[in-house]
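Position 1 is the first residue of the sequence, and the numbers go up from there. Side chains included, hydrogens not; waters and symmetry mates left out as well; all remaining heavy atoms used.
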Amino acid sequence: LHYPLRRQRQMCIRDRVLEYPLHLDAGEVIHLHIHIIPSVDEAHQAVYVIVMVDITEEVRMIQELREREQQYRELVEMADAIILKLDTNGNILFFNEFAETFFGYGKEEVLGRSVIGTIVPPEELSGRDLKELIAQICTDTDSYRRNENANITKEGRLVWVRWSNRAIRNEEGTVIGVLSVGNDISDRKEMELALFSQKDQLERRFQEIECIQRFSGTINSSMTLPEILQDIVGVIAKCWSKRGSTGVRITYAGESYESGIPEGLPFVFSRPINANGEEVGSFEVGFGGREEEPEYYESKERLLSMFAGKIGFAIEWMEAETKVRRERDLSDTILATVDAAIFVLDPKGRILRFNRRSEELIGCREEEVLGRCIWEVFTSQDMIKGVRDHIRTLVETKRGSRIRGTWIRRDQTEGIIDWSNSVICDDAGNVTHIVSTGLDVTRQVEDEEELRRCKLVLDRLLAGEQGS
């Protein structure tokens, strides 16, 4: 204590403030705040008033604060994360070592510059305006405590960062900056984008499969060709409408079949429709509202080309179906009007079809005998065996025959039928159908018998006259 007093006497007389560490014998150090004030006593002699305050605790707190600040700086600089400090205009005020390594910029290259154009591109690939995003983060940080956005390195490499943002406020509570801590999520983002791309591809493939299934379901023989074509344009338009506006048009036989076509939508896909080796119409599709990757567009184009071919097949099939229907109607008309019994049998002798004259001949309605064997409509055991054996012979020889037989009607009267049997075989030579045509010749046989009796009587009369 005497040392600073002696030193004070050597100096000019003025107030003096000292901070002095006092080392005690036990090794303890007390920090004193000493204030030496020149004054005079009652005798007007120069004296010194010395005020000493123990500031040991305050000094300890200041040292701890400095140590913590140093630790904080070391933590910030050595943290395995991007740490930035921005002002409210988005200019960089702090840039840690990890940020330098990650983005490839030195502090001197970015401090004082805006994040836009340095580590943040003006907009993302998706079109999101990042300049506007940064402005919102700097002015309304609480609404953007967590956000993810694209960033860019000095070399131009696109990276993705997840940011945690906290507003920096002054004593009045006014926001004066933003502290942002970022973590690299580029690998995760790339995986997400890859998964999204795969999901999108799966959705597209599912959409194509669904479209094929629905397309196949429209081809129905119970519908007319115009109804089928109108259904087809509706199905295709609906399948792709989930990805944007779609218009479909089919032109056939001078008629157009369209889905709802948005105004101004261009038809980017057009293919001719061919049926029976000739161009009979056109198939057109227009898409709007999205861009397609070349690979997917090619896949879609192949699918639509297949649809054009299937539409041509549907036209061929419906035309053939119409032709067959007309021929069948003609056959039904002939079967209904011909004055002969016609049975269509399978190789086992089961009745598949027979006409009105057959109903009259056997006295049974069609629904009563369809699926039954033809010999089941006979009552005589000899006739049953004979008919069964004859069916077997027709199948074995695969050749037609003509026979005359008797027929016991339901009223137990006997009829005489001339049967003409034909065998139908497939390409492999197997019998598929037997067609038996029966003509009731009972009256004809009776007339012939009557004619023979008359002739015989006449011959006898003529012979008697000649003898006389």
Side-chain angles (χ1 to χ4, degrees), residues 219-222 276 313 316-449:
I219 303 177
N220 189 330
S221 60
S222 65
N276 299 312
F313 169 77
E316 290 181 359
W317 179 75
M318 285 302 296
E319 288 178 345
E321 179 75 15
T322 301
K323 184 178 180 180
V324 169
R325 188 183 300 113
R326 290 172 180 169
E327 291 177 352
R328 185 174 62 243
D329 292 344
L330 177 61
S331 298
D332 289 342
T333 302
I334 294 173
L335 287 174
T337 56
V338 69
D339 190 25
I342 299 177
F343 290 82
V344 180
L345 314 175
D346 68 9
K348 294 183 179 181
R350 290 188 291 254
I351 300 173
L352 303 179
R353 287 193 68 183
F354 75 166
N355 64 346
R356 179 185 56 79
R357 186 71 182 90
S358 299
E359 292 181 348
E360 297 173 355
L361 179 65
I362 66 175
C364 298
R365 292 190 301 273
E366 184 177 19
E367 58 269 19
E368 294 178 312
V369 297
L370 287 182
R372 296 172 59 188
C373 293
I374 190 169
W375 50 81
E376 293 179 9
V377 300
F378 298 105
T379 57
S380 168
Q381 291 299 318
D382 292 338
M383 292 180 65
I384 292 173
K385 184 178 183 305
V387 171
R388 182 181 291 174
D389 292 342
H390 192 69
I391 295 295
R392 187 182 302 112
T393 300
L394 289 171
V395 173
E396 291 174 355
T397 62
K398 302 176 184 178
R399 291 186 299 178
S401 65
R402 290 179 179 274
I403 60 174
R404 172 172 288 182
T406 57
W407 186 284
I408 306 300
R409 304 184 183 93
R410 274 195 171 185
D411 60 2
Q412 299 303 310
T413 60
E414 185 177 281
I416 301 172
I417 310 295
D418 276 348
W419 292 101
S420 175
N421 304 302
S422 301
V423 177
I424 300 176
C425 299
D426 59 18
D427 293 340
N430 299 313
V431 175
T432 59
H433 297 87
I434 298 170
V435 180
S436 295
T437 303
L439 188 61
D440 188 351
V441 295
T442 304
R443 185 176 296 276
Q444 178 183 338
V445 171
E446 290 175 350
D447 290 344
E448 289 176 354
E449 184 63 30

Checklist entry - Measuring from I374:CD1 to S436:OG, what's the distance to the nearest 0.5 Å? => result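 If we round to the nearest 0.5 Å, I374:CD1 and S436:OG are 5.5 Å apart.
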Give me the atom names and distance for the closest heavy-atom approach of [X] to [Y].
X    : Y    : answer
I417 : D440 : CD1-CA, 3.6 Å
G349 : L345 : O-CD2, 4.0 Å
P347 : V395 : O-CG2, 3.5 Å

Item to check | Presence of salt bridge, R365 and E368, under 4.0 angstrom | outcome: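 Yes, this pair counts.
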Next on the checklist: Per the side chain to side chain donor-acceptor pair (under 3.5 Å) rule, what does the pair list look like for residues 422-431, sequence neighbours excluded?
Outcome noted: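 Found none.
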Checklist entry - How would you list all residue pairs meeting side chain to side chain donor-acceptor pair (under 3.5 Å) that involve residues 390-399, not counting sequence neighbours? => result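 Listed once each, the pairs are D389-R392, H390-S401, H390-N421.
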Item to check | Sequence neighbours excluded - salt bridge (Lys or Arg N to Asp or Glu O under 4.0 Å) pairs with any residue from residues 343-354 | outcome: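 Output for this query lists D332-R353, D346-R350.
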Taking side-chain contact (heavy atoms from CB on, under 4.5 Å) as the definition, give me every residue that meets it alongside [X], ordered by chain and number, with sequence neighbours left out.
X    : result
V445 : R404, I416, V441
A340 : V338, T437, L439
E449 : R452, R453
E316 : A275, N276

Item to check | Note, V344 side chain near I351 side chain (heavy atom, < 4.5 Å) | outcome: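 A side-chain contact under 4.5 Å is absent here.
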Checklist entry - With side chains defined as the heavy atoms from C-beta onward, is the minimum distance between I434 and I424 less than 4.5 Å? => result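 A side-chain contact is absent here, since even the closest heavy-atom pair is not under 4.5 Å.
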Next on the checklist: The criterion is side-chain hydrogen bond (donor to acceptor under 3.5 Å, both in side chains); which residues satisfy it with R388, sequence neighbours excluded?
Outcome noted: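 So R388 forms no side-chain hydrogen bond (donor to acceptor under 3.5 Å, both in side chains) with any residue.
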Checklist entry - Can you list every ring-ring contact (aromatic ring centres under 6.0 Å, His included) pair that touches residues 320-349, not counting sequence neighbours? => result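 Sorted pair list: F343-F354, F343-W419.
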